[in-house]
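Notes for the one structure printed next.
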Amino acid sequence: MEEFKHIPVLLNEVIDGLKIKKDGIYIDCTIGGGGHSEQILKRLSSKGHLYGIDKDEDALLACKERLKGYKNLILIHSDYKDAHEILLEKGVESFDGLLIDLGVSSYQLDTAGRGFSFLREGHLDMRMDKSQGIDAYFVVNNYPREKLLEILYKYGEEANAKRIVDNIIKQREIKPIETTIELKDIIEASFPKKVIYGKGGVSKKTFQAIRIEVNGELIGLEEAIEKYIKMLKPGGRMAIITFHSLEDRIVKNVFKREATDCICPPKTPVCICGHKKTINLVNKKPITASESELSLNPRSSSAKLRIIEKL
Ligand SMILES: C[S@@+](CC[C@H](N)C(=O)[O-])C[C@H]1O[C@@H](n2cnc3c(N)ncnc32)[C@H](O)[C@@H]1O
């Protein structure tokens, strides 16, 4: 395995925001390279515990090594959206804090063989969990035109989706599209030469869209957050970092709803929903990276952190 490199994003803001209790129980839903977790562990006494979840076994292996000095770390190989029951089985009915740092790690992006990056040649894979069936190769070579279009519009907000998808279909009728660079070349050929399409080049949105589809990144996010809010202890804190507007919108809306007493449609004369707020928003606007962080880690530029506290 290559060295696991990942600079944790908004590290101080997350650690301050979680207000860590030394004897508390904490969940890191996306432990990755363990950067955030290490700082949480440093603040825990021997009575405190941290459960670190990831669906990428490479991340868990890296954390096992990096954090081997900490006896109170429990690693779990799972999608965090399915981990509620696993936690219950381990006797964790409630906890003091939880972090979700969404998206991919730099390790995943930088490892050519994982197939996440249009800058590195690799088999079209993009699976965070390598034991899962569907990969990017399957999506690109088998999904019907309409489904591909929908993904590029919805998950990539790609205005040029039609041309890209038509070119993918044309190419795959000749031979399957096997590598990240083959896909990148097809995407680039779908744009006029003079177009410079923001940061990251013209392939960025399509790669993001396919990655979101392969890993089901937006499916079940809302429900998972709701379940975890229920498991938070009173006064407990939850921090979520997102990297694109689709995810942030979901997080913002769940938090807003849970921080509101009545959620009846506007103009309803008397409340009929009976909804009671369960959380307070710690920050109304998302926290973003400081100038100094941006200069050290450009990947922090799209990060948005939202924090809530359970009532
Ligand atoms: C941005 S990285 C986390 C980095 C980490 N906070 C650190 O400091 O090193 C995101 C990680 O979340 C994992 N991940 C993404 N979606 C997941 C999911 N639904 N369930 C479990 N892990 C997930 C990815 O495999 C990746 O390792």
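All ligand and atom numbering here is 1-based and tracks the order in the structure.
With salt bridges taken as basic N to acidic carboxylate O contacts below 4.0 Å, none links Glu247 and Lys252. Ion pair Glu182/Lys175 flagged as a salt bridge, since at least one NZ, NE, NH1 or NH2 atom sits closer than 4.0 Å to an Asp/Glu carboxylate oxygen.
Tested against Leu109, the residues Arg299, Arg114, Arg120, Arg211 include a single side-chain contact (heavy atoms from CB on, under 4.5 Å) partner, Arg299.
Residues of the protein with a heavy atom under 4.0 Å from ligand 1 are His6, Pro8, Cys29, Thr30, Ile31, Gly32, Gly33, Gly34, Gly35, His36, Asp54, Lys55, Asp56, Ser78, Asp79, Tyr80, Asp101, Leu102, Gly103, Val104, Ser105, Gln108, Met128, listed by chain and number.
Close placement of the His84 and Tyr228 rings is indicated, their centers lying within 6.0 Å of each other.
Side-chain contact check for Val14 versus Val9: every heavy-atom pair is 4.5 Å or farther apart.
Each ring-ring contact (aromatic ring centres under 6.0 Å, His included) pair with one or both residues in residues 92-114, not counting sequence neighbours, appears once here: Phe4-Tyr107.
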